[in-house]
Amino acid sequence: MTQQQSSPSQSKKTPKIGFLLPTRGLLLAEDRPQSANRILELACRAEEGGLDSVWVGDSLTAKPRLEPLTTLAAVAARTSRVRLGTAVLLMALRHPVLLAQTLGTVDLISQGRLMIAAGVGGAFNAEQEGEWQAAGVSARRRAGRLEEMVRIIKSLGRGDTVDFAGRHFDLDSVTVKPWPVQKDGVPIFLACHWRSRAKDAQIRRAARLADGVISISDTPEEHTRVIEAVRAEAAEAGRDPDSIETVMYLTVNMDTDLARAEAESERYLLGYYGAEIWGDRWGPFGGPERVKERISEYLDAGAETVVVRFASFEPEQQLSTFLEQVAPEFM
């Protein structure tokens with residue numbers, strides 16, 4: 001470890017707890033919902049309960065849900081304090097100039113509360129391949145496209161006039177308004193997973209380009225390794241490693257009956273993903289004490305924000321239990 005690099009425990013900050021709004025769950029529960037009020041009310045409840053942030057996922061056709069940034073704009077208009085995040089945005093499905101304008105607009109509406117966690121995204125089955133085709137984007141080029149987009153969006157978000165000649169985008173003297181309220185632009189987190197086949201590329205990308213990292217499927221030990229690797233690469237690149245914020249996305253179920261919690265989680269996640277992809281990596285399922293223990297493990301591993309997703313068809317009940325019996329432990 002270099003002198004400039006610090007361990008996760010050395011850079012540990014006051015923990016922040018976030019909540020993933022069920023924008024896909026809404027469509028799993030109703031074929032054709034007539035209102036998004038359920039989502040907005042859950043966001044307000046999270047803010048009233050003292051949580052730090054609310055988050056939304058992203059998919060176009062493979063895992064249908066509400067469009068993330070318009071949803072966050074609506075949440076911004078109904079809230080005043082919670083940070084607003086994506087977990088994670090499939091940034092490469094979009095065009096960087098149009099996305100930069102959208103991010104600036106949502107950051108303005110929220111008065112500087114927006115943050116974007118983004119990932120390369122998958123193309124591992126027909127549904128995911130079809131998602132890229134529907135957007136007119138080559139799935140095989142999505143990683144390089146993402147890297148160029150991060151560079152462009154960060155420059156546009158600072159108010160720069162951008163000239164850019166890359167493999168995927170070619171811009172000539174482009175400026176976009178509104179600029180984000182946040183002086184350095186909307187912070188961008190990049191997904192990093194220790195067991196991913198693309199782990200090394202993910203770590204290099206985050207160390208060079210990102211304001212933070214987000215992990216979804218890592219164990220606490222793996223999350224520590226990701227943080228240490230990214231910060232070491234950042235230090236070598238001349239960046240302050242402690243400036244890189246760390247987020248862990250945790251899937252839980254609050255039902256105290258373990259068998260019932262596991263059964264509901266399995267039904268929910270099968271509907272969510274259409275296949276069993278979680279194995280023993282997600283959870284815990286079964287009660288507040290198990291969830292508190294797991295959150296503590298990730299905070300000890302170096303996560304500064306832990307985002308919880310409820311694998312449940314009753315998010316209101318789950319959130320109430322979480323706010324009453326889990327969240328106060330970390331406030």
Any donor-acceptor pair under 3.5 Å from [X] side chain to [Y] backbone:
X: T224; Y: P220; answer: yes
X: Q317; Y: P315; answer: no
X: E47; Y: V82; answer: yes
X: Q182; Y: P187; answer: no
X: R24; Y: G271; answer: yes
X: T102; Y: L98; answer: yes
X: S110; Y: D107; answer: yes
X: R78; Y: V75; answer: no
X: H95; Y: V97; answer: yes

Legend entry - Sole candidate of D211, V106, L114 that passes side chain to side chain contact (heavy atoms under 4.5 Å, CB included) when paired with V186: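 Output: one option passes, namely L114.
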Inset, instruction - With I116 as reference, evaluate V88, L69, I153, L84 under the side chain to side chain contact (heavy atoms under 4.5 Å, CB included) test and give the passing residue. - result: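 With I116 as partner, V88, L69, I153, L84 yield a single side chain to side chain contact (heavy atoms under 4.5 Å, CB included), made by L69.
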Inset, instruction - Hydrophobic side-chain clustering at under 4.5 Å (ILVMFWY, transitive links): who's grouped with V230? Put none if nobody. - result: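 Hydrophobic cluster check, V230: joined to W194, I203, V213, V226, I244.
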Between [Y] and [X], is there a side-chain donor-acceptor contact under 3.5 Å, judged purely by atom types and distance?
X: Y272; Y: R65; result: yes
X: R158; Y: S155; result: yes
X: S215; Y: H223; result: yes
X: T161; Y: T175; result: yes
X: R309; Y: T251; result: yes
X: S80; Y: R113; result: no
X: E262; Y: S265; result: no
X: T61; Y: E127; result: no

Legend entry - Crowding at CD, E316 (>12 non-hydrogen neighbours, <6.0 Å):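 Above 12, so yes.
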Are side-chain heavy atoms of [X] and [Y] found at a separation under 4.5 Å?
X: T256; Y: P288; value: yes
X: L90; Y: L60; value: no
X: S59; Y: E131; value: yes
X: I39; Y: P22; value: yes
X: F124; Y: E129; value: no
X: F285; Y: D257; value: no
X: R294; Y: R290; value: no
X: S196; Y: Q202; value: yes

When hydrophobic residues are tied together by side-chain contacts of less than 4.5 Å, even through go-betweens, does [X] share a cluster with [Y]?
X: L40; Y: F19; answer: yes
X: L66; Y: L103; answer: yes
X: L21; Y: L323; answer: yes
X: L269; Y: F313; answer: yes
X: L108; Y: L99; answer: no

Which pair of non-hydrogen atoms, one from [X] and one from [Y], has the smallest distance, and what is that distance?
X: A301; Y: I227; value: O-CD1, 3.8 Å
X: L258; Y: G286; value: CD1-CA, 4.2 Å
X: F169; Y: P96; value: CE2-CD, 3.2 Å
X: L146; Y: A118; value: CD1-CB, 4.4 Å
X: Y268; Y: G25; value: OH-CA, 3.6 Å
X: L72; Y: G85; value: CD1-O, 3.7 Å

For the [atom1] atom of [X] and the [atom2] atom of [Y], what is their distance to the nearest 0.5 Å?
X: K16; Y: E304; atom1: NZ; atom2: CD; answer: 6.5 Å
X: L171; Y: I152; atom1: CG; atom2: CD1; answer: 4.5 Å
X: D255; Y: F310; atom1: CG; atom2: CZ; answer: 12.5 Å
X: R81; Y: S53; atom1: CZ; atom2: OG; answer: 9.0 Å
X: M91; Y: D58; atom1: CE; atom2: CG; answer: 10.0 Å
X: S173; Y: D160; atom1: OG; atom2: CG; answer: 12.0 Å

Salt-bridge criterion met for [X] and [Y] (N-O under 4.0 Å):
X: E148; Y: R151; answer: no
X: R38; Y: E41; answer: no
X: E67; Y: R94; answer: yes
X: R205; Y: E147; answer: yes
X: R83; Y: E245; answer: yes

Legend entry - From CA spacing to verdict: side chain to side chain contact (heavy atoms under 4.5 Å, CB included), V308, Q318: CA-CA 11 Å; V308 295; Q318 295 267 320; over 6 Å; no
Legend entry - Stepwise side chain to side chain contact (heavy atoms under 4.5 Å, CB included) check, V307 with L250: CA-CA 6 Å; V307 180; L250 185 62; over 6 Å; no
Inset, instruction - Kindly indicate, with the supporting measurements, whether the criterion side chain to side chain contact (heavy atoms under 4.5 Å, CB included) is fulfilled by M248 and I214. - result: CA-CA 6 Å; M248 183 67 207; I214 183 169; over 6 Å; no
Inset, instruction - For side chain to side chain contact (heavy atoms under 4.5 Å, CB included), just list the numbers for M331 and L51, CA-CA rounded to whole Å, side-chain angles, deciding distance to a tenth of an Å, and then say yes or no. - result: CA-CA 9 Å; M331 294 179 181; L51 297 188; 3.8 Å; yes
